[in-house]
Amino acid sequence: MPRAPEHVRRLFARCLAESATDMAWETPPPEGEDDLREALAGWLGERPEHVVVTCSVRGTVTALGHGRRLRVAVEAPTFRGVVKALRAAGHEVHLVAGSNVAELDGYDAVWFTSPGRNPDGRTVSPATWPSHRPAGLLIQNEIYRPWGGHVALPGTSAVGSFSKLAGGGVRLGWLRGPDAQDVAAASPPGLSPPAPWQRAWSRFIRHGGLAELAAHVVAASVAARDAFLGELAEQYGQAAPVVDGPSVTLVDTSRALPVPALITRLAAAGVRVADGAKFELPVPGVRATFFDQSADEARRAARVVAEVSGGSLRPKVLG
């Protein structure tokens, strides 16, 4: 993660110190502290009564189904950790690629990521969203919301967290939508983070810290991502795809070399990528992400990708 500006770090330290003075550390309400729900609602553009505080996106999975085994469709590609969490919770998971998720029928729940889907940066367009859809819970993972903005998709319950802005250890997220309170009421203990931690984040949001942090992280990652895509466009003589989020999918168009071998060669040249199979990518490829690079480093990485792959790794946003 890019290091937050010093004044933002000092602000969070002050908010945390002010929130940790009460040693009672009482159990927070299952839906979360009211102050944080209101602060989150303002940031999310949601009604406070429709916001529930959670510990993470994957943590929310444990609350789905109210203890029932669900038949869940998960849009692919996707982060495999969600698939594992759903299966660990006892649900029947079906990976579905290339479909309009809002039109999938025959499932108790459908899970998809937008905006800025990991690994390829796809965002669902409201223009393609149907006015009517089959029955069932429609869950939108909006963890990359800071990169793609608020895309209103009717009929969804949305989940997210601050892990992409502040690191995986932050353990703070949200569930929002008209059904959020019902999910919280049926959740096992521990869905909501400790009260002082929630109060610290409430103060941080109200003092503008989250907005500054998000702007910093997003600007740095987008500058590197766009530099990478721009350099590849020059190398290949083709237009760069439109991508939201901090990640890019590179599809292996020749399939002349196994993806693990490509990854090894790129790593030897100082470029780290992840196997697309880890994100249920339906074709051979890799994912590059841009949290830690400067624009110059990203341009160099693009040149390495073009050289090492012999031009076979091409950026692509899947349907």
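If you read the sequence from its start, that first residue is 1, and numbering goes on from there.
- Taking the six-membered ring for Trp, W147 and F290 have ring centres at least 6.0 Å apart.
- Using a 4.0 Å cut-off between charged side-chain N and carboxylate O, R47 and E38 make no salt bridge.
- Ion pair R176/E142 flagged as a salt bridge, since at least one NZ, NE, NH1 or NH2 atom sits closer than 4.0 Å to an Asp/Glu carboxylate oxygen.
- Separating the CH2 atom in W111 from the CG atom in L70 is a distance of 12.0 Å, to the nearest 0.5 Å.
- In terms of modelled atom types and a separation under 3.5 Å, the side chain of E297 and the main chain of S294 share a donor-acceptor contact.
- Under the 4.5 Å side-chain heavy-atom criterion for Ile, Leu, Val, Met, Phe, Trp and Tyr, V251 and V308 are members of distinct hydrophobic clusters.
- With respect to the salt-bridge test (charged N to carboxylate O, under 4.0 angstrom), the residues D120 and R117 qualify.
- Between L138 and G155, the shortest heavy-atom distance links the atoms CB-O, 3.8 Å.
- Across every non-hydrogen atom of Y144 and P115, the tightest pair is CB-O, 3.4 Å.
- Note: L36 CG to S202 OG = 5.5 Å, rounded to the nearest 0.5 Å.
- G173 and L40 make their closest contact through O-CD1, 4.4 Å (heavy atoms, listed as atom of the first residue, atom of the second, distance).
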Quiz item: Going through the distances and angles, do T60 and W174 end up as a side chain to side chain contact (heavy atoms under 4.5 Å, CB included)?
Solution: CA-CA 8 Å; T60 309; W174 64 86; over 6 Å; no
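- Neither side chain, R37 nor Q198, offers a donor N or O lying under 3.5 Å from an acceptor on the other.
- For the pair V83/L95, a side-chain contact is recorded, criterion being any heavy-atom separation below 4.5 Å from C-beta on.
- Checking side-chain atoms of D108 against main-chain N and O of R71 turns up a donor-acceptor pair under 3.5 Å.
- The main-chain N or O of V124 is found under 3.5 Å from a side-chain atom of S114 such that the two form a donor-acceptor pair.
- Within 6.0 Å of atom CD in E92, more than 12 heavy atoms from other residues, nucleotides or ligands are found, so the atom counts as buried in its surroundings.
- Rounded to the nearest 0.5 Å, atoms CD1 (I263) and CZ (R272) are 13.0 Å apart.
- Judged purely by atom type and a 3.5 angstrom limit, T253 uses its side chain to pair as donor or acceptor with the backbone of S312.
- To the nearest 0.5 Å, atom CG of residue L11 and atom CZ of residue F204 are 5.5 Å apart.
- Using a 4.0 Å cut-off between a side-chain N of Lys or Arg and a carboxylate O of Asp or Glu, E18 and R199 do not qualify as a salt bridge.
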Self-check item: E75/R122 under salt bridge (charged side-chain N to carboxylate O under 4.0 Å, His left out): CA gap, chis, key distance, verdict
Solution: CA-CA 12 Å; E75 179 196 43; R122 175 178 177 260; 2.8 Å; yes
Exercise. Show your working on side chain to side chain contact (heavy atoms under 4.5 Å, CB included) between L266 and V304 and close with a plain yes or no.
Key: CA-CA 7 Å; L266 288 170; V304 169; 4.0 Å; yes
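- For the pair R87 (side chain) and V82 (backbone), a donor-acceptor distance under 3.5 Å is absent.
- Between V286 and L262 there is no side-chain heavy-atom pair separated by less than 4.5 Å.
- Side-chain contact between R68 and H91 is absent, with no heavy-atom pair separated by less than 4.5 Å.
- A distance-only check finds a donor-acceptor pair linking the side chain of S309 to the backbone of L313 [under 3.5 Å].
- Taking the side chain as every heavy atom from C-beta outward, L232 and L250 approach each other to under 4.5 Å.
- With R314 contributing its side chain and G311 its backbone, the two residues share a donor-acceptor pair below 3.5 Å.
- Between L281 and D275, every side-chain heavy-atom pair lies at or beyond the 4.5 Å cut-off.
- Between atom CZ of residue R203 and atom CG of residue L16 there is a gap of 10.0 Å, rounded to the nearest 0.5 Å.
- Taking the side chain as every heavy atom from C-beta outward, R300 and V271 approach each other to under 4.5 Å.
- Taken together through direct or relayed side-chain contacts under 4.5 Å among Ile, Leu, Val, Met, Phe, Trp and Tyr, L44 and L175 form part of one hydrophobic cluster.
- Following chains of ILVMFWY side-chain contacts shorter than 4.5 Å, one cannot reach L229 starting from L318, and the two form parts of different hydrophobic clusters.
- The main-chain N or O of T289 is found under 3.5 Å from a side-chain atom of Q293 such that the two form a donor-acceptor pair.
- Between H207 and C15 the shortest heavy-atom distance is CD2-SG, 4.0 Å.
- Using a 4.5 Å cut-off on side-chain heavy atoms (C-beta onward), I139 and V110 make no contact.
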Practice problem: Would you check, one step at a time, whether the test side chain to side chain contact (heavy atoms under 4.5 Å, CB included) holds for R80 with F279? | Solution: CA-CA 5 Å; R80 187 175 281 175; F279 303 91; over 6 Å; no
Exercise. Please report the C-alpha distance between K278 and F79 in whole Å, then the side-chain angles of each, then the deciding distance to 0.1 Å, and finally whether the side chain to side chain contact (heavy atoms under 4.5 Å, CB included) criterion is met.
Key: CA-CA 7 Å; K278 295 181 178 179; F79 174 52; over 6 Å; no
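- Proximity of a side-chain donor or acceptor of Q235 to a complementary backbone N or O of R303 within less than 3.5 Å is not detected.
- Between the side chain of R225 and the backbone N or O of V243 there is at least one donor-acceptor pair closer than 3.5 Å.
- For the atom pair OG (S157) and CG (L137), the distance works out to 5.0 Å, reported to the nearest 0.5 Å.
- Taking both residues in full, the closest heavy atoms of S247 and P119 are given as CB-O, 3.6 Å, listed atom of the first, atom of the second, then distance.
- Shortest non-hydrogen contact noted between H216 and A4 is CD2-CA, 4.1 Å.
- With a 4.5 Å cut-off on side-chain heavy atoms, T21 and S19 do not count as touching.
- Proximity of the aromatic rings of F162 and W43 is defined here by a centroid distance below 6.0 angstrom, and this criterion is met.
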